[in-house]
Amino acid sequence: MTYQSVNPFNGKLDKSFDEISDAQFETKISAAENCFKSWRLKSYADRAKIVAKASLLMHERVNELARIMTLEMGKRIGEARGEVQFSSDILAYYAKNAERFLADVKLHPSAGEGHMESSPIGVIFGVEPWNFPYYQLARVAGPHLMAGNVLMVKHAGCVPQCAIAFEKLWIDAGAPVGLYTNLLISHEQSNRVIDDPRIKGVALTGSVAAGRSIAARAGKNLKPSSMELGGSDAFIVLEDADLDHTIKWALWGRMYNTGQTCCAAKRFIVVDKIADRFIDKFQNALAEVKAGDPLDEATTMGPLSTESALVDLLKQVDVAVSNGAKVLMGGKRVDRPGSFMQPTILTDVKPGNPAFRDEFFGPVAMFFRVRDEEAAIALANDSDFGLGGSVFTRDLARGKHVASRIDTGMMFINNLSWSDAELPFGGVKNSGYGRELGDMGIQAFVNKKLVRYVTAEAPL
Ligand code: NAP
């Protein structure tokens, strides 16, 4: 059984869902292809009516949608409501701006005239993760539907009710059959979906392992793909940082969504002069965090998404320790029912320790003390990942200089305000390729077509 809603707060199974049969898939993809034939011809204004309506419904259903998410993957209810509202905003943003983003671009050839136009390419297949069960879906649905494509999405096995609730938004918004289709399918079926000639592009957000498999499959089929993968972002603290301000972001950056964020602060790289004061305050702040019911507004730390996520994270910590890391705090599961991990700090993680290059997807921080700014930059760049990162300093020019030298897709100075509908999101190296959100996010699956008009006779 691939699709199961299990509440990680108490381990109770709520519902299971069967994968669809090949015959059911055939019906769905035929409907999607059929839908594309008319959807591609609709004006932006007509498309926007459906997308804006879905956005409005999300806004109206914020409590209901947030509760489903909290019960399925343990996100604290306040964060869950914030995610639903943000997802609604993303849909509204593309309903409003898509036409501008995809407007014809005039060219200036040596003879005659020309322009580039952006046309949709067909049915896009999305594969999405559980950590932001609606936001990840909105990030693909808003841009790609407004561009005139249609979408089929395989969501993660542990959030089937979120997947179904999101699909229902489109049905209730009056979307034509086939515009947005949730697929409850296995990995093996997913491979066959990528092979299907009716699928024209593949968007994945997930782990590096999934990226290697899905990008390879898309590549074999010569289909464009975008890969939003993992990260092990550096949180650099320079000696002139405002420490109180920095600690608040450090805590939020590691603990938001119980540490299960691709671009969370994972490697805390602190210049020697301020390192003792930083680690002292950071440790005290983490010690204040208490495990509790994610439906309770007062809870400061929810469970991890699943029991298997917790078991994997505990194993990763053990491997780190057996390779020389020291546990400054935490390192164990919380002694209570539910899939809770203690807030943890690892020190002495040296090159050669698997942890040095791994992503910890939960409340586990790695702490590194470095000599100076130059050493901080070198260590930040000594990573297979390249998603985001941050630098804390009172000197903005210095912050910008450091940000420019870090090999990632995103850098934040004195903040970790990761995501905004307007801002392109994505990474380099093993963190993937392509960008979602902003203007760039809508360009991923459109045909950039050249049209040239010249009155010249053909050369003899
Ligand atoms: P995951 O195991 O890779 O799963 C992500 C999605 O891919 C799920 O729907 C999963 O389905 C599917 N999947 C995995 N392997 C597949 C395969 N071989 N064929 C077809 N589908 C496959 O990742 P996760 O543990 O759920 O999510 C956490 C990862 O996502 C972290 O590494 C995180 O950093 C990354 N992430 C990146 C971003 C970004 O924007 N860069 C954002 C959020 C998360 P099943 O659930 O059925 O296995």
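Side-chain atoms are counted along with the backbone in the values below, which use heavy atoms only and exclude waters and symmetry mates.
Looking at heavy atoms from C-beta onward, Asn63 lies in side-chain contact with Arg81 at the 4.5 angstrom threshold. Side-chain contact check for Asn221 versus Ile199: every heavy-atom pair is 4.5 Å or farther apart.
Judged by distance alone, the side chain of Asn149 and the main-chain N or O of Pro120 form no donor-acceptor pair under 3.5 Å. With hydrogens and angles ignored, the 3.5 Å screen pairs no side-chain donor or acceptor of Thr408 with any backbone N or O of Gly386. Side-chain atoms of Glu359 do not come within 3.5 Å of backbone N or O of Gly230 as any donor-acceptor pair. One N or O on the side chain of Tyr94 and one on the backbone of Gly438 form a donor-acceptor pair closer than 3.5 Å. When atom types are taken as modelled, the side chain of Tyr180 and the backbone of Ala141 share no donor-acceptor pair closer than 3.5 angstrom. In terms of modelled atom types and a separation under 3.5 Å, the side chain of Ser431 and the main chain of Lys429 share no donor-acceptor contact. One N or O on the side chain of Arg254 and one on the backbone of Ala265 form a donor-acceptor pair closer than 3.5 Å.
Using bins of under 30°, 30° to 60° and over 60° for the plane-to-plane angle, the ring pair Phe356/Phe368 lands in the perpendicular bin. Using the six-membered ring where Trp is involved, Tyr256 and Trp418 have ring planes that are tilted, between 30° and 60° apart. By the 30° and 60° cut-offs, the orientation of the rings of Phe101 relative to Tyr93 is tilted.
A donor-acceptor contact closer than 3.5 angstrom is absent between the side chains of Gln260 and Lys75. There is no side-chain donor-acceptor pair under 3.5 Å between Lys290 and Thr299. Side-chain N/O atoms of Tyr433 and Ser225 include a donor and acceptor closer than 3.5 Å. Remark: the Glu83 side chain and the Asn257 side chain contain no N/O donor-acceptor pair separated by less than 3.5 Å. When only modelled atom types and interatomic distance are considered, Glu288 and Asn284 share no side-chain donor-acceptor pair under 3.5 Å.
Residues Trp252 and Phe235 place their aromatic rings such that the two centres sit no closer than 6.0 Å.
No option in Ile194, Leu151, Val153, Asp196 other than Ile194 meets the side chain to side chain contact (heavy atoms under 4.5 Å, CB included) test with Phe125.
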Report task. Under the salt bridge (Lys or Arg N to Asp or Glu O under 4.0 Å) rule, what do Lys281 and Asp244 come out as? Steps first, then yes or no, please. Result -> CA-CA 9 Å; Lys281 279 179 182 269; Asp244 289 334; 3.1 Å; yes
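How far CG of Leu102 is from NZ of Lys448: 6.0 Å, rounded to the nearest 0.5 Å.
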